[in-house]
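Just so it is clear, the values below take in all heavy atoms, side chains as well, and ignore hydrogens, waters and symmetry mates.
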Amino acid sequence: MRPSTPTTTRPSVEGTPRGTTVMLRGGFVYSPADPFATAIVVDGGTVAWVGGEAAADSFADGVDEVVQLDGALVTPAFTDAHVHTTATGLALTGLDLTSAVSLPEALARTAAHAAAHPADRVLLGHGWDETRWPEQRPPTRAELDHAAGGRPLYLSRTDVHSAAVSSALAALVPGLAGLPGHHPQSPLTRDAHHAVRRAAYAAVTPAQREAAQRAALEHAAAQGIGSLHECAGPTISSQDDLTGLLALAAAGEGPRVFGYWGEPVRTPADLDRVRDLGAVGAAGDLFVDGSLGSHTACLHAPYADDAATTGVSYLDGETIARHLLLCTQAGVQAGFHAIGDAAVDAVVAGVRAAAEAAGLDRVRALRHRVEHAELLTGAALAAFAEFGLVASVQPAFDAAWGGPDGMYAARLGAERAAALNPYAALTRAGVPLALGSDSPVTPLDPWGAVRAAAFHRTPGHRISARAAFTGHTRGGWRAVGRDDAGVLVPGAPADYAVWSVGDLVVQAPDERVANWSTDPRSGTPGLPDLTPGGELPTALRTVVAGRTVHRRPNG
C-alpha cells in the first residue's frame, strides 16, 4: 500500500488561522486512545478527538477544515533529545565529510571548499572518520595546511570530541601547545580541542549562525521532528548561540526547542545563568568524559587498541555530586554526558550522594539525565532505575559503529563492545529512554533511529519498534518533565506528522512475538515496516501546536 498525497476540502493548513478546528480522516492514526483510529480532530493547538470513520461523520460538519489523508499515517511528531543545532546547520550548508570514503577525498573536498569560500575568516568542516578510510589515519596538520591554502581550518571528527586543525588556526590560540590534548601533527583532544573549537566558532558571524540554525530547524521539520533538545554549553557552543536559537524557535520558525546548558554548578548563584539563558536544565553536554572514537571515553579498563589509556575524566566526583545536589535543592533538572563505564559510575555515585543529602523522592522527581550512557555496569543500570534517571540515547551510534567489525569492537574488543547500548536491559529495568541523534554526529533521522534500536547489532539489546518509537516521541517530552505530550490523545498538544507509508505492522525483537502481534486482534497500533533495507517513511507534513512547520511539495 502506497497512499496518495493528503488532500484538503478547504484551504490548506498553512493558511488556517490559529484556533481553527481541523479534521484529518481516511488514514491511520497512531494513538493509544484507539488502536484502530482513522481520524483525528485538532482544535487550535490541541488534540480534541481521535476515532474511527463512522464517528468522524458526526464531527465533519462542525470543523473548519477537513483533510483527506488518502491512507497516510498520522503519528505524534518526533522529539530528538540531543542536538547541536548550529553545528548541524553548518554541516548541512557547508563542508560535511561524513561521506568521504578516503583521506585523499576528504582533503580534496576540503581544498574545494576553501576555494569556494575565499571570504570566510575560518574554514569549518565536520564528519571525518579515519576508521572508515583505507588509510586508517586522520589528516596531518601539514596536509591540512596545503588543503586550506594556509588559512585557518577546523575539521571536527565525526564524534566532535577531537578535531584536525591547520597551523593558521592553531596560531590563533595563545598557549595551545601547552594544553592537555595538544599534538603537533595529530588531531587535538581534551582542553586543546575545546580551545580551538571556541576560536573557530567565534569567527561565525551572527548572520551565519542564524542561517545555520534556520537550515537545521527546517531540515528537522522535514524529518517529522516537532521538538528538539539543544545541548549547549561553554565548551561546545556559546551563550549567544543558545539564546539566539531559543529566540528563533519562539518566533515560530520551526520545531520547538528545549535548551540545556552544560556547565558545572558550584554555587547556588551559578543556577541564575541557567535561568537567564532560558534553559530547562543544567544538563546535556556537561562532559564527564569524551568519546570512544577519540579514545577519550573514561573506562575502568584500558582500550583494546591503546593499552596506555583508559580515556579522560573531565570532572571529579566532588564536582559531579555538588552539581547534582545544588540542582536538586533548587528544583532544577541536572545531567551529564557520560559514555564510558567509569564515567557513568561517577555520575551514579554523585546521584547517590545527592539522594542521601536531599532525599530520594526529590531526586527522582527531577528526572536527571545521562546523555549517551553507552557502557554500564549492572550496578549502574540498577541505579538508573532506582534514581529515576533518564537515559538519553542514540541508536544510530550502534548502527554506525557497532557489530563485531565496527569501531566499537576495535576500540574495546568484541566482548566489551557487545555490552554497549543495552536498550533491552534498560527497558526491562524501567529506565525511561529518550532517543536522539547527537546531530551532527549522526543525522537527524528519527525513523532510522527507531530501526537501529529495533535491529540493534547485538540482538540481545534490541527493543520493539513500538518501544523505540515511544522513546523518540513521548520519551523526549517526559525527559523535560511533560507527561501530557508526545502522544495523540484528547488534550495533548497538536504536534504531529503525516507520513507516506507502506503496510503497517507490529514489530518486536523476537520473531515469535512479531509473528502473532501483527494480528489486528492484538489491539496494538501498527507502525511502518522498518526491516533493514526497506524504504523509510516520508514526512508529508509536520505540525507543531496546530501550525504547519513543514509541508512536502504537493503534500
Side-chain angles (χ1 to χ4, degrees), residues 80-82 131 158-159 161 285 288-294 296-300 303-304 311 335-345 347-348 369-385 389-439 441-443 445-465 467-472 475-476 479 509 530 532:
D80 192 309
H82 192 121
T131 67
T158 186
D159 56 16
H161 284 273
D285 272 337
V288 177
D289 66 347
S291 72
L292 292 165
S294 292
T296 51
C298 192
L299 308 172
H300 284 305
Y303 282 81
F336 300 90
H337 160 119
I339 286 179
D341 49 2
V344 173
D345 281 355
V347 172
V348 166
R369 299 172 55 138
V370 182
E371 308 300 314
H372 315 307
E374 292 200 76
L375 188 59
L376 294 89
T377 63
L381 196 150
F384 270 52
L389 301 180
V390 174
S392 173
V393 299
Q394 297 73 40
F397 286 10
D398 175 73
W401 303 304
D405 300 319
M407 180 272 288
Y408 287 156
R411 292 288 185 267
L412 302 182
E415 183 176 352
R416 267 199 298 173
L420 288 165
N421 302 301
Y423 303 142
L426 287 164
T427 301
R428 285 194 300 268
V431 176
L433 302 183
L435 271 60
S437 63
D438 199 6
S439 180
V441 175
T442 61
D445 179 17
W447 284 116
V450 174
R451 169 188 278 173
F455 294 92
H456 197 294
R457 289 177 179 269
T458 303
H461 296 332
R462 293 174 180 172
I463 56 177
S464 69
F469 180 80
T470 299
H472 220 332
L530 301 177

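- The two residues A452 and P395 come nearest to each other via the heavy atoms CB-O, 3.5 Å.
- For the atom pair CG (L426) and CG (L381), the distance works out to 4.5 Å, reported to the nearest 0.5 Å.
- One N or O on the side chain of R457 and one on the backbone of D398 form a donor-acceptor pair closer than 3.5 Å.
- In this structure, the ring-ring contact (aromatic ring centres under 6.0 Å, His included) partners of Y303, at least two apart in sequence or on a different chain, are H295.
- Contact of the F397 side chain with the L420 side chain is not registered, since no non-hydrogen atoms from C-beta on lie closer than 4.5 Å.
- For the residue pair E371/H337, the side-chain donor-acceptor check at 3.5 Å is not satisfied.
- R369 places no side-chain N or O within donor-acceptor distance of the main-chain N or O of V390, the cut-off being under 3.5 Å.
- Not one N or O on the side chain of T458 forms a donor-acceptor pair closer than 3.5 Å with the backbone of H461.
- When atom types are taken as modelled, the side chain of D289 and the backbone of A297 share no donor-acceptor pair closer than 3.5 angstrom.
- H456 places a side-chain N or O within 3.5 Å of a backbone atom of N421 that can act as its donor or acceptor partner.
- Residues passing the side chain to side chain contact (heavy atoms under 4.5 Å, CB included) test with D159 are R157, H161, S162, S291, S294, sequence neighbours excluded.
- Under the 4.5 Å side-chain criterion, counting only non-hydrogen atoms from C-beta, F384 is not in contact with V347.
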